[in-house]
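Note sheet for the following structure.
Proteins come first, then strands; the chains are lettered A, B, ... in the order of their sequence lines, and each starts at number 1. Computed over heavy atoms, backbone and side chain alike; hydrogens, waters and symmetry mates excluded. Just so it is clear, the model here is predicted, and its values are computed rather than measured.
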Amino acid sequence: MDAEPNSEEQMPKSGAMADLRYSLHLMSRNKLVLVGSVLATGSILVALLAHVLVPASATVDDRALRICWNNPLINWNIPSVNVCPPPVRPLGTDAYGRNLLQMIILAVPLDLSIALEIVASAVVIGIVLGSVAGYAGGILDEAILRITDIFFAVPGILLAIVLMTVLGRTIPNLTLAVLISWWPLYVRLIRSQVLSEKERPYVEALRAMGAGRMRILFRHIVPNSIYPLIVQATLDIGSVILTVSTLVFLGFAPSTIATGQTPELGSLTSQGAQYLFSAPWLIIFPGLAILIISLGFNLLGDGLRDVFDPRLRR
Amino acid sequence: MTVRSEAQKEREGAAVLEVRDLRVSFHTYLGEVKALDGVDFDLRRGEVLGLVGESGCGKTVTALAIGGLLSDNARVEGGQVLLEGKDLLKETKEELRQTRLREVSFVFQDPMTFINPVLSVGSQIAEVLESDRVFQDELVEYRLDELAREESKGDLTRAQAEERQALEGLGRGKKLSKKVLKRLAESRALDYMRTVKLPDPERVFKMYPFELSGGMRQRVMIAMALVRRPKVLLADEITTALDVTVQAQVLKLLAELRGKIDASVILITHDLGVVSEICDRVVVMYAGNVVEVADIDELFANPLHPYTQGLLASIPRPDVHAEEMKSISGSVPNLIFPPSGCRFHPRCPKRFDRCPGVKPPLVEVKPGHKVACLLY
Amino acid sequence: MAENLLEVQDLRKWFPIKGGLLGRTSGFVKAVDGATLGVEKGETLGVVGESGCGKTTLGRTVLKLTQPTGGRILFDGRDITSLRGRKAKPLRRRMQIVFQDPYASLDPRQTVRSALTEPMKIHGLARSRKEADAKASELISKVGLNPDHLARYPHEFSGGQRQRIAVARALAVSPDFIVLDEPTSSLDVSVQSQILNLLKALQRELGLTYLFISHNLAVVRQVCQRIAVMYLGRVVEMAETEALFESPKHPYTRALLSSVPIPDPSRRKALAVLEGDVPSPVNIPPGCRFRQRCEFATERCSEVSPPMKEVRRGQTIECLYDIDFATKRKVELS
């Protein structure tokens, strides 16, 4: 249809508000996205409120309560299961006798913050290197691209494992290890956005106006290239949580985490793996938590992709 | 809708296509876009009818509705599209497919969108004919006619005689082998490539779309549309993307094709120069309404609707210089909240108190000249 | 004759075609290939031609948005051919451009106010934010919109309104010279004349000089005092508007003019049809570039590249002959 955009007096709603409402409308059209945003927002809320919801004393060992179950809603049909004394612990207790639900809640802020740190750093690196590569072109572009190629060529998990082994098993090193295999993607992404954006006539108009390169790049091109980056970052929060917990599961974590003292979703799962048949909740629920969080961010990311799709915009 | 006497119908010539009170709306987030609000016109046999108007006037939507090609968020709210009496809006998907294959063809502004870039030009034109068995009998007859013409010029070669025998031996409706079908289709494709004056057709036949210039691609599109011998050809802004000298070539081709082809043509354009060059009659649309219908000479000499008058006055003419150019104030309205009554009234220099309240009907004020304005 | 504000001499802009594994240059697209023209102070010079004739590249090169391959550009008597980067900045205050597509030439994330005040910031033309805002209000009123519109985003406007905003933005630095690159091509006819009238009024009021690039000959006739016709990267004819339309001298100009349909069926004529397509600007034939499509071409046309000659006062052509199109008689130009 060749409809002309509206003349001003007939515009129903104007500006940012209408834009936001339109975005929400696009998102609400898709049920899965709704589910995604609820899950993602839910996990962020849990992360923020974790230390309010769970008292500090919850992490104290209590061998007396070691691996027991008393939630009447689920019957595991395993004869050897210990029965916890009241009160009810909805997800049973772990090998240290701690309330598993509370441990999962405490693990969420740790996992989420590691993931956010990694993704945020990757985004910043991506914007700086990617936009410079895309806008400047030439040798600089070539050099940055080849460096990303090298990182692309090495499998991420392997690289992380090697780094952790060499540098030591600490949380910052874990973050760094995952980040190193993660940033090149963002450089590529923003570079390709900048490449297409810089050919648009408004950039030419800015040049004709005498605007400097930095102003054009960071005030105009980058803000206009950022949408796909937001989508990718949202999707990646889920994947990074998955990767981090995988690494922890495999044992690449500081000793407090690896032994399960400090609750983390990957380590809770790996602890539970030892009791796969005798106490299956120990692996099922932390695993489910990982699944829900990463699924939530993935669905949200997909939804944002729709919202930011220029074909759906006017 | 206007009531016309039999005598009037007689004088106007038989209509191939009648569009009656067609109403189409699009569902969007911001609201219902009332894109067509009672579009009414006839296409007569053998004529070239111009459908003109600015962006958003509904000319393209009208064409898409005729061809059953509206997008998913469009809804036909009412009206009829009668092709020789049969209502296309009531057809099933399969019937519509057949209609588009055999009776209504399209040519669009940008040929590259509708040409497959990885198939050679000739095989694409031929493919239309091979795609459906309905063309089989026609292809056989076409080839037999061709052979007969050869014979009248002189003796047939042995191969040709054998071919004729084989073709004549086929009963109606009997299936041709794929190979024969392909050969027949390709020979007719080549014929139509000659019809649209593609230079060196044998060579172009084997070329790929990217190797052709814009003007040649548009000729290929026309050949592809005509090769199935449609009753109605819908040409949507076919010269808009072309340079003037190439546009002139295509217009000349269209002029030459008249009389050679059976199709009646609806030429959709915003360019009144193109319209005055080749159309017999003109339908002027504004904001989803037909505002004026008249013969070409009458429309330009005696435009009645204030919009038509404004439009004609605001076209810059290549043959005269005007110090101050006329224009229509304001811009095309948003069809989610179309103006009440006459949709043109907010921009109309001649509006009066009744205009915002009453939707003007399309009335015939002179034989063959209809206008939708309360002034008449 | 008034003095030239802009002079373009033998301007060339070739774009290399990179090919092969090593990205070696395998040829050039000669978008502009020896164009010469002058724009007088206060006039509107039209540059017309078909797609690929180099008119847009000419406009961009003149503004130094791209570096010329050869030739000279003089602006207000100063050679600006090799100015670039920071050195070109003062020039940007004096030369501006309005693009064809008003949907794409405004940053979609920038309000109108920000779009209008940005050039003032870049060139330090306003001492305070308040002054910049006041200037923006003045500009927006000047182009026929009202100051309430300043807080809005481009997508809230119609095509015509966006083009007004683009014009206001160009005026923000108070330039002397504006390149108008197909400024009305993507607008509706009923709106097109509003913009053309606005441009004319602004020119009168502010004493602007325009280089008006267009493929639409009818529009050019309404707004330009003089016209340069381009074909394959060169200016093949240049004349005052009326002279050009009433008696074109170059065979290409004549063919171009007679293929424009006139919106008046009483003047319906058989359109003169120029056969063939424009040759590729990569392999430009030697001699006259137009000769393969020219009905008057002779042997000599393929040998000699015709120099620019004055056939009549103020009318120059790049053709070896002065042709009388009615009698088809040609006289060799000396």
Side-chain angles (χ1 to χ4, degrees), chain B residues 53-57 199 212-216 239 241-253 255 270-279 282 295-301 307 310-332 334 347, chain C residues 48-53 144 157-161 184 186-198 200-201 214-224 241-242 245-246 252 255-278 280 293:
Chain B
E54 299 176 284
S55 61
C57 74
L212 306 180
S213 67
M216 281 162 84
T239 61
L242 303 175
D243 278 319
V244 269
T245 57
V246 181
Q247 166 173 288
Q249 293 169 6
V250 172
L251 291 178
K252 186 178 165 209
L253 170 71
H270 68 280
D271 188 335
L272 286 154
V274 169
V275 166
S276 75
E277 205 60 44
I278 93 161
C279 292
V282 186
D295 285 346
I296 181 87
D297 296 315
E298 167 72 9
L299 187 92
F300 279 82
Y307 174 66
L311 193 64
L312 288 174
S314 58
I315 333 168
R317 292 181 56 145
D319 53 340
V320 271
H321 170 79
E323 200 38 56
E324 191 73 3
M325 277 160 287
K326 300 228 167 48
S327 65
I328 306 176
S329 68
S331 52
V332 180
N334 167 3
R347 301 176 73 188
Chain C
V48 299
E50 299 180 276
S51 53
C53 72
F157 296 93
S158 69
Q161 289 172 321
T184 60
S186 53
L187 303 178
D188 278 317
V189 220
S190 71
V191 178
Q192 166 169 276
S193 3
Q194 294 172 13
I195 300 297
L196 294 176
N197 284 336
L198 172 71
K200 279 183 162 184
S214 180
H215 70 280
N216 188 331
L217 289 150
V219 165
V220 163
R221 180 160 204 181
Q222 312 311 318
V223 296
C224 301
T241 305
E242 285 313 299
F245 275 90
E246 294 311 325
Y252 174 66
L256 192 65
L257 291 176
S258 49
S259 38
V260 185
I262 294 172
D264 183 353
S266 64
R267 298 197 54 181
R268 197 190 275 203
K269 45 157 199 204
L271 294 178
V273 168
L274 189 59
E275 294 300 334
D277 292 301
V278 181
S280 135
R293 302 172 77 190

**Prompt:** In terms of heavy-atom proximity below 4.5 Å to chain C, should B/Leu251 be classed as side chain, backbone, both, or neither?
**Reply:** side chain
**Message:** What part of B/Ile278 gets within 4.5 angstrom of chain C, counting heavy atoms only: side chain, backbone, both, or neither?
**Reply:** backbone
**Request:** For the residue pair B/Pro316 and C/Val189, establish whether any side-chain heavy-atom pair is separated by less than 4.5 Å.
**Result:** yes
**Request:** State which residues pass side-chain contact (heavy atoms from CB on, under 4.5 Å) with B/Asp295; sequence neighbours excluded, sorted by chain then number.
**Result:** B/Arg281, B/Glu298
**Message:** Donor-acceptor pair, distance only, cut-off 3.5 Å: does the side chain of C/Gln222 make one with the backbone of B/Arg317?
**Reply:** yes
**Request:** Among the options B/Val274, B/Val320, B/Leu299, pick out the one with the most heavy-atom pairs lying under 4.5 Å from chain C.
**Result:** B/Val320
**Request:** Compute whether any side-chain donor of one residue and acceptor of the other, for B/Asp243 and C/Ser51, lie under 3.5 angstrom apart.
**Result:** yes
**Request:** May I ask you to check whether B/Glu54 and C/Ser190 show a side-chain donor-acceptor distance below 3.5 Å?
**Result:** yes
**Asked** Would you call B/Glu323 and C/Lys200 a salt bridge, taking side-chain N to carboxylate O under 4.0 Å as the test?
**Response** yes
**Under 4.5 Å from any heavy atom of chain B - which part of C/Gln192** = side chain
**Message:** For the CG atom of C/Asp264 and the CG atom of B/Asp297, what is their distance to the nearest 0.5 Å?
**Reply:** 9.0 Å
**Asked** CD/C/Gln194 to OG/B/Ser331 distance, rounded to the nearest 0.5 angstrom?
**Response** 7.5 Å
**Item:** Partner set under side chain to side chain donor-acceptor pair (under 3.5 Å) for B/Ser213, not counting sequence neighbours
**Value:** C/Asp277
